[in-house]
Every structure is written in structure tokens, then in C-alpha cells.
Amino acid sequence: MSSGVPHHPYDPQQPPGQPADGHPHQAPQGVPQQHGQPPRYGSPQPYGSPQQPYGGHPAAPGVPGLGMPQLAHWGRRVGAYLLDVVITVSPMYVLGLVDFTTGDDSDEPGVLFVCGVVLALGMGLFQIYKEGTTGQSLGKKVLGISVQREADGRHLGFGMALVRKIAHGLDSLACQLGWLWPLWDEKNQTFADKVCGTVVVEVPRG
């Protein structure tokens, strides 16, 4: 017999989340049952939970959780290298030419040529310093590429940038094979990159 009070589908005395029939819903077979409130999209992960690897690929290195930038194309690397060479040695050749045309006929190098050599050495060290502290030499900055540590995506520092520059001697062995290696290498690395644990990636220009 009805008491005259309409039945409310959500009984206030019923525990939150309990269905109206009083029986908890079971998850379909093969689907794990979730307990509690599911995490919302964008909510922070618990402390100590594993982060997504650099680039979203287990074998890809870099900054955890940020994603690895696009690896630099071989042509852009070559262009940056040639531009760095021109920037570094051009003053030496210009001053040497001026010294040759205005000096005497002696075999002794003139003052301007010596100044050009010193300037080229200083510019070379400056390029290495910039590459180690910012990831970009002047040529790399113009073409929008950067050299980073493979393990964590950080800058190399001056010391490791200098070691990497010296290690490029390995790329000149076996008919310059190391310079061509990025054309088919999975990480676009030269021999020097593999020895020093570095990758070259694309970054915004300027």
C-alpha cells in the first residue's frame, strides 16, 4: 500500500554513488574496477611517478616531460658549419690580403696578418664558448639549430664543447665518413656526437 509519498530516485539516506536499486554496479569483465574519483585531465601526477621521456620515445634523449625537439637536418648543420668557418677565418684572410698588398717583398708575415691570426683564434674560442653556454654558435643561431646533451637536453658547457670540437677530427677519418653519418643515423649524429653524447636539434631562429 502506497503511503502517498512519491518515491525519489535519489534517496537522501542512500550513500553517495550508490545506485537506486541498492546494488553496486560491477565493471564489465576484463575492465579493471576503479575506486574513488578518477583523476581529472591535466591534474598533476603524484610525486615520484615516472615522467614521459624526451621526445615520447624510450630511446630518445632529452629533458624529461618536455619532449625532444625535431632533430636538425643534415643540410642545416652543414650550412651552420660553413657559416661559422666564414665568420671565424674571414678577418684573417682580409687582413692577410691587405698585409700582402701593402707590405714589402719579405717572406716575414706582416703585422696585419699576425693580428688576423690572433683575431681568428679569438673568434674560434668565442664560438666554442657560445656553443657551450647557449647551444648555438653564430652560424647555428642564424640557421635555428642547437647542440644539446643527449641525456638531459642541457647545454654542454665550454669544456665539453671544446672536447666535441676536437672530437670532430674523428669525423674526418675514413674519407670524411663521420661528417656524412647523420644522413642515415637514427639520431642524426656524427662520430663526435656519439663520443660526446650530444644531439643537434632545431630551435626557433634568432
Under 3.5 Å donor-acceptor, Thr101 side chain and Val98 backbone: yes
In one Ile/Leu/Val/Met/Phe/Trp/Tyr side-chain cluster, 4.5 Å: Val195, Val147: no
Qualifying side-chain hydrogen bond (donor to acceptor under 3.5 Å, both in side chains) pairs with a residue from residues 111-126, counting only residues at least two apart or across chains: none
Phe126 reachable from Leu83 in the ILVMFWY side-chain graph, under 4.5 Å edges: yes
From NZ (Lys130) to CG (Leu125), nearest 0.5 Å: 14.5 Å
Candidate pair Lys140 and Glu131, rule side-chain contact (heavy atoms from CB on, under 4.5 Å), full reasoning: CA-CA 8 Å; Lys140 286 183 173 64; Glu131 190 169 286; 2.9 Å; yes
Exam field: side chain Arg205 to backbone Ile145, donor-acceptor pair closer than 3.5 Å: no
Within-4.5 Å side-chain heavy-atom neighbours: Leu97 and Val94: no
Neighbour count above 12 (heavy atom, 6.0 Å) for His168 NE2: yes
Gln127 side-chain N/O to Leu138 backbone N/O, donor-acceptor pair under 3.5 Å: yes
CD on Glu150 to NZ on Lys194, rounded to 0.5 Å: 7.5 Å
Under 3.5 Å side-chain donor-acceptor pair for Arg164 and Thr198: yes
Cluster link Val163 to Leu121, ILVMFWY, side chain under 4.5 Å: no
Side-chain (Asp171) to main-chain (Thr190) donor-acceptor, under 3.5 angstrom: no
Separation between OG of Ser137 and NZ of Lys165, rounded to the nearest 0.5 Å: 6.0 Å
From Met160 atom CE to Cys196 atom SG, the distance as rounded to the nearest 0.5 Å: 5.5 Å
Spacing of Met123 atom CE and Ile87 atom CD1 [to the nearest 0.5 Å]: 7.5 Å
Heavy atoms from other residues, nucleotides or ligands near CZ of Phe158 exceed 12 (cutoff 6.0 Å): yes
Test log, rule salt bridge (charged side-chain N to carboxylate O under 4.0 Å, His left out), inputs Arg77 and Asp193: CA-CA 13 Å; Arg77 295 185 63 170; Asp193 287 324; 2.8 Å; yes
Shared hydrophobic cluster for Trp74 and Leu143 (ILVMFWY, side-chain gaps under 4.5 Å): no
Gly157 backbone acceptor or donor facing His155 side chain under 3.5 Å: no
Closest non-hydrogen atom pair between Gly132 and Ala161, with its separation: CA-CB, 3.7 Å
Charged N-O contact under 4.0 Å between Lys141 and Asp84: no
Electrostatic pair Asp185:Lys187 at N-O distance under 4.0 angstrom: no
Distance (rounded to the nearest 0.5 Å) between Leu183 CG and Trp181 CH2: 11.0 Å
Leu119 vs Met92 side-chain heavy atoms within contact, under 4.5 Å: no
Contacts of Ser172 that satisfy side-chain hydrogen bond (donor to acceptor under 3.5 Å, both in side chains) - sequence neighbours left out: Trp179
Test item: Val201 and Gln70 side chains (from C-beta on) under 4.5 Å apart, heavy atoms: no
Joint hydrophobic cluster, Val117 plus Val85, side-chain heavy atoms closer than 4.5 Å: yes
Ser146 to Val203 - nearest heavy-atom pair and separation: CB-CG1, 3.8 Å
